[in-house]
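Here is the structure we will look at, set down as structure tokens.
Reckoned from all heavy atoms, side chains included, excluding hydrogens, waters and symmetry mates.
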Amino acid sequence: MAPLGPAGAHPTSAEPLSRSIFRKFLLMLCSLLTSLYVFYCLAERCQTLSGPVVGLWEGNEEAGAPGRGVLASGPRELAVLPAVARRKSLLQLQQWRRRLPPALRYDAQEAAAWEEEPLGLAGGPGGSGAGSSVAEAPPGTLDLLLDEGSKQLPQAIIIGVKKGGTRALLEFLRVHPDVRAVGAEPHFFDRSYDKGLAWYRDLMPRTLDGQITMEKTPSYFVTREAPARISAMSKNTKLIVVVRDPVTRAISDYTQTLSKRPDIPTFESLTFRNQTTGLIDTSWSAIQIGLYAKHLEHWLLHFPLRQMLFVSGERLIRDPAGELGRVQDFLGLKRIITDKHFYFNKTKGFPCLKKAEGSSKPHCLGKTKGRTHPEIDQEVVQRLRDFYRPFNLKFYQMTGHDFGWDG
Ligand SMILES: Nc1ncnc2c1ncn2[C@@H]1O[C@H](COP(=O)(O)OS(=O)(=O)O)[C@@H](OP(=O)(O)O)[C@H]1O
């Protein structure tokens, strides 16, 4: 009796033995491939969905992509985290969130700020692959985590000055784990005051206990109503003003306008009300903003000087860590941001962050920061220096700080 075939059938004379073996082999190969595929799928899924909170539990900040463990764990695991570990996990999550590409960002305002920042550095803010974790996180987990903390009105505001270096200061400060700031400029105290404080608070990022909420809107410094309005929100608000040589500031301001409207008149012609008499046009905002002493008078009617910190825009470029040291002290923060956080980027011509907020990638400000200024007639520059000198000296007296703009 002939042996049975694979399905128990007798091989027919038309089906030779080699063909039957070949069929068996094909069948086995198919099952092997199917098993491999199933195994692969399972392994991928495990990695995505059920990673333990290793590293975060053990205080190892370097373990994996920041926040990945948190995202990978479910609500149950979070609930059993002790308070300290929980805060740490959330801090890491906050830092990690801020590195997401804008499209994946929870906070549209922050996203807007990032958009102007990348310098085309390899990878970019979302290049670490962390973004894919968001898409794969179990539904509801991210929402649950992002609901942690609460939105607070800012306790500290960078109120000016326009083109002083306010973006650099805010971005550098955001490296600090105890600072949470809204990325875009809210313009609440100058343009949207009628929307009310609840609207304003809602723009703020969530903070945990001990974290400071901040924002920056450089136009506040020259807004008449701003001091009284901020004081009405809280008399204890800390105010930071980044100031820069008013002549360079005016040229920087003009350069920005020129980049948007290339057909505007020259800087020289806008500077003078009457070119023959040489009368400076103080109604031109580029000139007016630089009258720091005048603007400061309005603030001092509502805030004591000790509640204001004046940051040198020039020193912020020359010695960012030194200036950040003063700012951290003023805000009552531990000095965490130090020399180690900065490097000088020769291409950019400015100091940049070695790592932006928990990221391993270097980060410079965007191309709208650090523009090349047009050549300005040196006689006009000198005329402006002479014009600003008495105002500068008054400002040095008022603040008790010589910013060195007058030789
Ligand atoms: N680290 C670093 N990188 C790039 N740019 C830096 C930095 N530190 C200070 N600055 C100076 O910041 C100037 C822009 O100031 P602001 O950010 O206050 O401008 S704005 O009012 O928000 O438009 C900008 O002015 P311009 O050079 O005229 O573009 C810079 O000189």
Side-chain angles (χ1 to χ4, degrees), residues 95 98-99 110 112-125 127-128 156-185 212 214-216 218 240-249 251-253 255-256 259 309-331 333-373 401-405:
Q95 290 177 341
R98 281 178 266 173
R99 290 189 290 118
E110 274 184 69
W114 269 96
E115 265 157 22
E116 64 171 27
E117 293 161 10
L119 185 69
L121 288 164
S128 66
I157 306 179
I158 300 173
I159 56 171
V161 300
K162 185 182 178 194
K163 306 318 290 177
T166 55
R167 172 59 62 193
L169 179 62
L170 190 73
E171 290 314 307
F172 294 165
L173 265 175
R174 288 171 94 179
V175 171
H176 202 293
D178 289 335
V179 172
R180 294 282 286 130
V182 52
E185 297 173 5
I212 295 179
M214 290 191 71
E215 70 119 317
K216 79 119 180 161
I240 300 175
V241 197
V242 189
V243 285
R244 181 181 186 187
D245 176 352
V247 182
T248 330
R249 198 220 67 79
I251 299 171
S252 169
D253 204 337
T255 309
Q256 172 163 297
S259 72
L309 182 76
F310 299 90
V311 171
S312 157
E314 287 82 12
R315 201 169 158 225
L316 190 62
I317 298 171
R318 225 175 33 244
D319 175 19
E323 223 46 11
L324 262 290
R326 290 180 64 230
V327 179
Q328 289 170 97
D329 290 350
F330 174 70
L331 294 174
L333 295 167
K334 199 171 157 199
R335 280 196 178 208
I336 285 180
I337 309 163
T338 63
D339 263 341
K340 283 186 247 149
H341 287 87
F342 302 99
Y343 76 100
F344 187 81
N345 184 309
K346 279 192 201 147
T347 320
K348 175 83 181 159
F350 283 90
C352 299
L353 287 169
K354 280 186 191 161
K355 295 177 185 183
E357 297 174 276
S359 149
S360 56
K361 293 192 168 62
H363 174 63
C364 292
L365 295 193
K367 56 182 183 302
T368 62
K369 306 293 175 186
R371 290 185 176 107
T372 308
H373 297 173
H401 192 110
D402 180 350
F403 289 90
W405 302 318

**Asked** For Arg318, what residues pass the side chain to side chain donor-acceptor pair (under 3.5 Å) criterion, not counting sequence neighbours?
**Response** none
**Request:** Provide the closest heavy-atom pair for Val182 versus Leu170 in the form atom of the first, atom of the second, distance.
**Result:** O-CD2, 3.7 Å
**Prompt:** Got Phe344 and Pro320 here, is their nearest side-chain heavy-atom distance under 4.5 Å?
**Reply:** no
**Item:** Minimum heavy-atom distance Leu333-Ile212, with the two atoms named
**Value:** CD2-CD1, 3.7 Å
**Request:** Give the minimum heavy-atom separation between Ile336 and Gln328, together with the two atoms involved.
**Result:** N-OE1, 2.8 Å
**Complete:** Residues at least two apart in sequence or cross-chain that pass side chain to side chain donor-acceptor pair (under 3.5 Å) with Thr248, listed by chain then number, are Asp245
**Request:** Just jot down the side chain to side chain donor-acceptor pair (under 3.5 Å) partners of Asp402, sequence neighbours excluded, or say none.
**Result:** none
**Item:** Set of residues satisfying salt bridge (charged side-chain N to carboxylate O under 4.0 Å, His left out) with respect to Lys216, sequence neighbours excluded
**Value:** Glu185
**Request:** Would you confirm whether Arg174, through its side chain, and Ala181, through its main-chain N or O, come within 3.5 Å as a donor-acceptor pair?
**Result:** yes
**Request:** Run the salt-bridge test on Asp253 and Lys162 with the 4.0 Å N-O cut-off and return the result as yes or no.
**Result:** yes
**Prompt:** How close do Thr166 and Pro218 get, heavy atom to heavy atom, and via which atoms?
**Reply:** OG1-CG, 3.5 Å
**Asked** Partners of Phe310 by ring pair (Phe, Tyr, Trp, His ring centres under 6.0 Å), sequence neighbours excluded?
**Response** Phe395
**Distance in Å, Ile158 CD1 paired with Leu309 CG, rounded so as to fall on 0.5 Å steps** = 10.0 Å
**By side chain to side chain donor-acceptor pair (under 3.5 Å) - contacts of Asp339 (at least two apart)** = none
**Prompt:** If only atom types and distance count, is the side chain of Lys354 paired as donor or acceptor with the main-chain N or O of Lys340 below 3.5 Å?
**Reply:** yes
**Asked** Do Arg167 and Thr368 come within less than 4.5 Å of each other through their side chains, counting heavy atoms only?
**Response** no
